[in-house]
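Working notes, structure below.
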Amino acid sequence: MMRVLVTGGTGFIGSHIVERLLFEGHSVVVAKRPSSSLKWLPADKIDMVDAPAENLEALKKVLPEIDAVIHVAGITRANSRGDFFRVNASAVTELLGLCDKYASTMKRFILISSLSAAGCSQNGCPIDETQCESPYTPYGESKRAGELAALEYKNRFDVAILRP
């Protein structure tokens, strides 16, 4: 059994991850915005911490007891390119730094990214891991920047990047 921090655990994908972790017997901490709806979460079975992307400092208190982080939090719509990068890239970098400094028992960091980080296929051929990424939207570029930030830590702890 592990203690897992899930960022974005109040959202659609995050809430299903939380549900599965609980089903498997893990202890779950959800990092959320103060305004987040808890409608999809069994609040009595999880611990929560208010830690929006703009202020992750509150995670310092819980990271020493965390075995794994699943970073789902992100935005798909924004008013500007800067907003995408602030949440989908800079917040990832900040979270990784906090994990490196405070999560001494953490075994794995899982980043939920996006196919948009890869970009479009060329000539109708499927994209695979051997092709260079070429995101074509600010959203995709910001998600790719988050992936690159995560890869910077691959020698410090186990990093996995998923593109649902």
#### Entry: Exceeds 12 heavy-atom contacts within 6.0 angstrom, atom CZ of Arg163
yes

### Message
Suppose we screen for salt bridge (charged side-chain N to carboxylate O under 4.0 Å, His left out). Which residues come up paired with Glu152, at least two apart in sequence or across chains?
### Response
none

### Audit row: Lys143, Ser116, side chain to side chain contact (heavy atoms under 4.5 Å, CB included) steps and yes/no
CA-CA 7 Å; Lys143 294 302 273 187; Ser116 293; 5.6 Å; no

### Message
Phe109: which residues meet the ring pair (Phe, Tyr, Trp, His ring centres under 6.0 Å) condition with it, sequence neighbours left out?
### Response
none

### Message
In this structure, would Met2 and Leu162 fall into the same cluster of hydrophobic residues linked by side-chain contacts under 4.5 Å?
### Response
yes

### Query
Do Leu95 and Phe157 belong to the same hydrophobic cluster, where Ile, Leu, Val, Met, Phe, Trp and Tyr are linked whenever their side-chain heavy atoms lie under 4.5 Å apart, directly or via other members?
yes

### Test salt bridge (charged side-chain N to carboxylate O under 4.0 Å, His left out) applied to Lys107 - qualifying residues, sequence neighbours left out
Asp67

### Task
Go through the structure and list residues passing salt bridge (charged side-chain N to carboxylate O under 4.0 Å, His left out) with Lys60, not counting sequence neighbours.
Glu57

### Query
Under a 4.5 Å side-chain heavy-atom rule over Ile, Leu, Val, Met, Phe, Trp and Tyr, are Ile110 and Val62 clustered together?
no

### Message
Return the CE to OG distance between Met48 and Ser36, rounded to the nearest 0.5 Å.
### Response
10.0 Å

### Query
What's the shortest heavy-atom distance between Asp83 and Ala78, and which atoms?
CB-CB, 3.6 Å

Could you go through residues 6-23 and list every donor-acceptor pair under 3.5 Å that involves a side-chain atom there, pairing it with any protein atom two or more places apart or in another chain?
{"unit_1": "Thr7", "atom_1": "OG1", "unit_2": "His71", "atom_2": "ND1", "d": "2.6"}
{"unit_1": "Thr7", "atom_1": "OG1", "unit_2": "Val72", "atom_2": "N", "d": "3.0"}
{"unit_1": "Thr7", "atom_1": "OG1", "unit_2": "Ala73", "atom_2": "N", "d": "3.3"}
{"unit_1": "Ser15", "atom_1": "OG", "unit_2": "Gly11", "atom_2": "O", "d": "2.9"}
{"unit_1": "Ser15", "atom_1": "OG", "unit_2": "Phe12", "atom_2": "O", "d": "3.0"}
{"unit_1": "Arg20", "atom_1": "NE", "unit_2": "Glu24", "atom_2": "OE2", "d": "2.9"}
{"unit_1": "Arg20", "atom_1": "NH2", "unit_2": "Glu24", "atom_2": "OE2", "d": "3.4"}

### Message
If hydrophobic clusters are built by linking Ile, Leu, Val, Met, Phe, Trp and Tyr wherever their side-chain heavy atoms come under 4.5 Å apart, do Ile46 and Ile70 end up in the same one?
### Response
yes

### Query
Are Val4 and Met106 joined in one hydrophobic group, where the rule is that I, L, V, M, F, W and Y side chains link up if heavy atoms are under 4.5 Å apart?
no

### Query
Considering residues at least two apart in sequence or located in another chain, which fulfil the side-chain hydrogen bond (donor to acceptor under 3.5 Å, both in side chains) criterion with Thr105?
none

### Task
Identify the two heavy atoms, one from Ala149 and one from Val92, that lie closest to each other, and give their separation to 0.1 Å.
CB-CG1, 4.4 Å

### Task
For residues Asn88 and Gly74, report the shortest heavy-atom separation together with the two atoms involved.
OD1-CA, 3.2 Å

## Note on the structure
All heavy atoms of Glu94 vs all of Ala53, minimum pair found to be OE1-O, 4.2 Å

### Summary
Contacts of Phe85 meeting ring pair (Phe, Tyr, Trp, His ring centres under 6.0 Å) (sequence neighbours excluded), chain-then-number -> none

Show me the donor-acceptor pairs, under 3.5 Å and distance only, between side chains in residues 96-104 and residues at least two apart or in other chains.
{"unit_1": "Asp100", "atom_1": "OD2", "unit_2": "Arg156", "atom_2": "NE", "d": "3.4"}

### Query
Between Ser142 and Ala89, what is the shortest heavy-atom contact and its length?
O-CB, 3.7 Å

### Task
For Lys45, check side-chain hydrogen bond (donor to acceptor under 3.5 Å, both in side chains) against everything at least two apart and list the hits.
none

### Query
With sequence neighbours left out, which residue pairs that include part of residues 31-44 fulfil the salt bridge (charged side-chain N to carboxylate O under 4.0 Å, His left out) condition?
Lys32-Asp50

### For Ser113, side-chain hydrogen bond (donor to acceptor under 3.5 Å, both in side chains) partners two or more places apart
Glu147

### Message
Run the side-chain hydrogen bond (donor to acceptor under 3.5 Å, both in side chains) test against Asn55 and tell me which residues pass, sequence neighbours left out.
### Response
none

### Task
Start with the C-alpha distance between Val29 and Leu59, add both sets of side-chain angles, then the distance that settles side chain to side chain contact (heavy atoms under 4.5 Å, CB included), and finish with yes or no.
CA-CA 10 Å; Val29 179; Leu59 296 178; over 6 Å; no

#### Entry: Which atom of Ala150 lies closest to which atom of Ile161, heavy atoms considered
CB-CD1, 4.3 Å

